[in-house]
**Q** 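Below is a structure I'd like to ask you about.
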Amino acid sequence: MKATKLAQGVYWVGAIDWNLRDYHGYTLPGTTYNAYLVVGEEKTALIDTCYPGFEEQVLGRVASIIDPKTIDVIVANHIEVDHSGGLPKIAKMLPSVPIYCTEVAVQGLARHYDTKDWNLQVVKTGETLDLGQKTLVFLEAPMLHWPDSMFTYLAEEEILFPNDAFGQHVASSKRFDDELGKDIALAHAKKFFANLIIPLAPKVLKKLGEVGDLGIGIKMIAPSHGIIWRTHAADIVTAYVEWSKGVSKDKVTIVYDTMHGATDMMAKALADGAMDGGLEVKVCLLKDGRYEGCHRSDIVAEMLNSKALLVGSPTLGDEMLPTVAGFLSYLRGLRPGRLTQKKIGFAFGSHGGHGGAVDQITDDLKTAGIEVVEGGMEVYFKPDTDEREACYRAGLALADQVTQM
Ligand SMILES: [Fe+2]
Ligand SMILES: [Fe+2]
């Protein structure tokens, strides 16, 4: 196994997890756990580790550069197990090696591992570590995305190691953005942002402002998952600003499930109206994510740059369908209302009794911070011609509203 060189004395020594398909409910085509080796004239630092079980890949790649036993310093930017999981083995191999991390990380690591013999060293924003012609600068980043998170910056090479921020879940033999392709890399980064970063959008904008105020150059961004941004670092920063602001297209995402096809008829009439009104339309039939591109983690990526989200369900018993309830639970947790630009919501569905799903969807969308068109559209059993026409007109009216946003 070989390391990949980022710059003189700086290497990717991470692990590729080709087979990961589900990460706490996020569907993904594998991922990487990126660790980095910074070789200074006096000391060598290992930045982050990997998920448990991937230590051999990390140490094997380190061994292509130096003897792993000569690592002088470890930096733990984040305690989540996909980045700290290699620490127990590596700390055992290097019993006295200092592990630099935030104060919260010290507490968090102790909750995850037996750290009593670890040499944990607390660092704060602005503190530096001189490796000899290579200087690491630490920048606490609480709640980006955990309370313990921090960024590490290599001053001489102008490389930012922001851990999860700017990451993407993708397994590839390519290490760099220009190798994988900018558009593919940005698409994976967008899904990552939609599923993990939306609730933190205001903090992202604040932190990017702080980094901007430092006046430091950033030539390369080396996150803890996916490719390294060496050619398009400015593009991913711009994308993070736009996604955090909720900058969206004239686009609507329609999400629904159906029992006997009535809610499906409504979804399609709404889609026709929105399309004829000039919108880009994405239609997602939930069905427990069995339909390609319709897993909840794909849908929220579609929603991220949509100005409107339409959600439909028939009423089963007194409730919306569990598939729709599950999607809305996920959506509520993401808090899309924290994006600067608000989204419009619309609820629809059929019922065979007293209904209820449309009101429940409306309430959930409001809780998520979405501005819902009051009333929605609820029909008895199956939409007749007039009701299908009403759905079409509702789609047209939404298009009108969306194009004026
Ligand atoms: Fe994380
Ligand atoms: Fe991660």
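Basis for what follows: all heavy atoms, side chains included, without hydrogens, waters or symmetry-related copies. Atoms within a ligand are numbered from 1 in the order they appear, just like the ligands themselves. Since this is a predicted model, take the numbers as computed values, not measurements. Index from 1, following the sequence.
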**Q** Sort out for me which residue in K219, R230, K134 forms a salt bridge (Lys or Arg N to Asp or Glu O under 4.0 Å) with E157.
**A**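 Exactly one candidate clears the test, K134.
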
**Q** Is E280 salt-bridged to K249, going by a charged N under 4.0 Å from an acidic O?
**A**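 The answer is yes: the pair qualifies as a salt bridge.
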
**Q** Going by salt bridge (Lys or Arg N to Asp or Glu O under 4.0 Å), name the pairs with one or both residues in residues 109-121, residues two or more places apart or in two chains.
**A**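 Only D114-K116 qualify under salt bridge (Lys or Arg N to Asp or Glu O under 4.0 Å).
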
**Q** Out of L339, T253, L334, which residue meets the side chain to side chain contact (heavy atoms under 4.5 Å, CB included) rule with L304?
**A**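 That would be L339.
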
**Q** Can you check the number of protein N/O/S atoms within less than 2.8 Å of the Fe ion (ligand 2)?
**A**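 The number of such protein atoms is 4.
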
**Q** Please name the atom of H145, limited to N, O or S, that comes nearest to the Fe ion (ligand 1).
**A**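 Closest to the Fe ion (ligand 1) among those atoms: NE2.
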
**Q** Scan residues 64-99 for pairs that pass ring-ring contact (aromatic ring centres under 6.0 Å, His included), counting only residues two or more places apart or in two chains.
**A**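 The answer is H78-H83, H78-H145, H78-W146, H83-H225.
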
**Q** Which residues pass the side chain to side chain donor-acceptor pair (under 3.5 Å) test with R332, sequence neighbours left out?
**A**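 Side chain to side chain donor-acceptor pair (under 3.5 Å) check on R332 returns D364.
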
